[in-house]
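What follows is a single structure, written as structure tokens, with notes after it.
Computed from a predicted model, the values in this text were never measured in an experiment.
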Amino acid sequence: MDIPDLHPWNVTYEEAIKIQKCLKDKVILKKIDRRINYIAGLDVSYAKGANTIWTGVVVLDFPSLVKIEERWAQSKVSFPYIPGLLSFREIPALLDILTKIEVEPDLIFCDGQGIAHPRGLGIASHLGVLLRKPTIGCAKSRLVGEFDPVGEDRGEHVYLRYQNRIIGAVVRTRSRVKPVFISPGYGVVLKDCIRFVLETCPTYRIPEPTRQAHLLVNSVRCNGVRS
DNA sequence: GCGACAG
DNA sequence: ATCTTGTCGC
């Protein structure tokens, strides 16, 4: 994949926030018009106290969800985890493996928020702006926003609201299991985000692209290289 | 000052 | 995110 270098990553927290406020205006959301054949999922895994990070990407065929490619790498991180600045910790390492994939994904699932972020630029939106490619944020918990109780059946969802705006949805991907927090990253409207999440999430709580990436990075971190 | 706070 | 054992429910 072609990855333009839009800004530095070795920045102070204040500079990171400035960058987010600047890039926020570049986030465009639109209805998906062309066919989606390949969906990528990204995830990372850390060693307990060290600054070592394993990153992984899987590419699944859509809608069959058959895995057609996977890549992983090990690298070092310098930026700490700070709520609201996650992308400055994880994106540099993720860009490394994205350059290695051969099958160009039409859509990318990220582990974290899209626009459901204090400054409207969660990790999925940030990555989407950099790549100018459709991304969806699927987080396991809330960063910002308020929401009403969600129905217990799979597929039920409520909107996530923040400062009088709808920024995402709380979606029950599996009956009687804790819902996930979906928000548009880049290039996809919320309605399509919910649809793609449910269509890629037939059995488990986490959508298959992200779940497969999670299994990959945990496998290589704990058991070493797999076949 | 206090509480909240993606991964 | 990671560490960590058994346990409860579908």
Completion exercise
In numerical order, the residues of residues 149-157 of chain A whose heavy atoms come under 4.0 Å of DNA chain B are none
Exercise for the section: Whole angstrom is fine here: how far is it from CZ in A/Arg89 over to C1' in C/dT2? Expected result: 11 Å
Exercise for the section: Check ring-ring contact (aromatic ring centres under 6.0 Å, His included) between A/His117 and all other residues, then give those that pass, not counting sequence neighbours. Expected result: none
Exercise for the section: Sugar-phosphate atoms are those with a prime plus P, OP1 and OP2; base atoms are the rest. Using that split, label each nucleotide of nucleotides 3-10 of chain C B, S or - for protein heavy atoms under 4.0 Å, 5' to 3'. Expected result: S-------
Completion exercise
To the nearest angstrom, the CG-C1' distance between A/Asn218 and C/dT2 comes to 10 Å
Practice task
Enumerate the residue pairs fulfilling side-chain hydrogen bond (donor to acceptor under 3.5 Å, both in side chains) with a member in residues 150-161 of chain A, sequence neighbours excluded, ordered by first and then second residue.
Solution key: A/Glu152-A/Arg172
Completion exercise
Those residues at least two apart in sequence (or on a different chain) that pass ring-ring contact (aromatic ring centres under 6.0 Å, His included) with A/Phe79 are A/Tyr13, A/Phe88
Practice task
Scan residues 114-143 of chain A against DNA chain B and write down, sorted by residue number, each residue with any heavy atom closer than 4.0 Å; if none is found, say none.
Solution key: A/His117, A/Gly122, A/Ile123, A/Ala139, A/Lys140, A/Ser141, A/Arg142, A/Leu143
Problem - Distance (rounded to the nearest 0.5 Å) between A/Asp106 CG and A/Arg34 CZ - result: 5.0 Å
Problem - Lys/Arg cation over aromatic A/Tyr81: A/Arg89, 6.0 Å, 45° cone - result: no
Problem - 5'-to-3' dot-bracket of DNA chain B (Watson-Crick, G-U; under 3.5 angstrom; crossing pairs as [ ]; | other strand) - result: .......
Handout entry: chain A contact limits on DNA chain B, taken 5' to 3' with a cut-off of 4.0 angstrom to heavy atoms
Key = B/dA4 to B/dG7
Practice task
For DNA chain B, determine which residues of residues 5-24 of chain A have any heavy atom closer than 4.0 angstrom to one of its atoms, and list them numerically.
Solution key: none
Exercise for the section: Sequence neighbours left out, what pairs pass side-chain hydrogen bond (donor to acceptor under 3.5 Å, both in side chains) with at least one residue falling in residues 19-29 of chain A? Expected result: A/Gln20-A/Arg119
Practice task
List for me each residue that meets side-chain hydrogen bond (donor to acceptor under 3.5 Å, both in side chains) alongside A/Asn37, sequence neighbours excluded, and say none if there are none.
Solution key: A/Arg35
Completion exercise
Base-pair string, DNA chain C, Watson-Crick plus G-U, cut-off 3.5 Å on both distances, | for inter-strand, is ..........
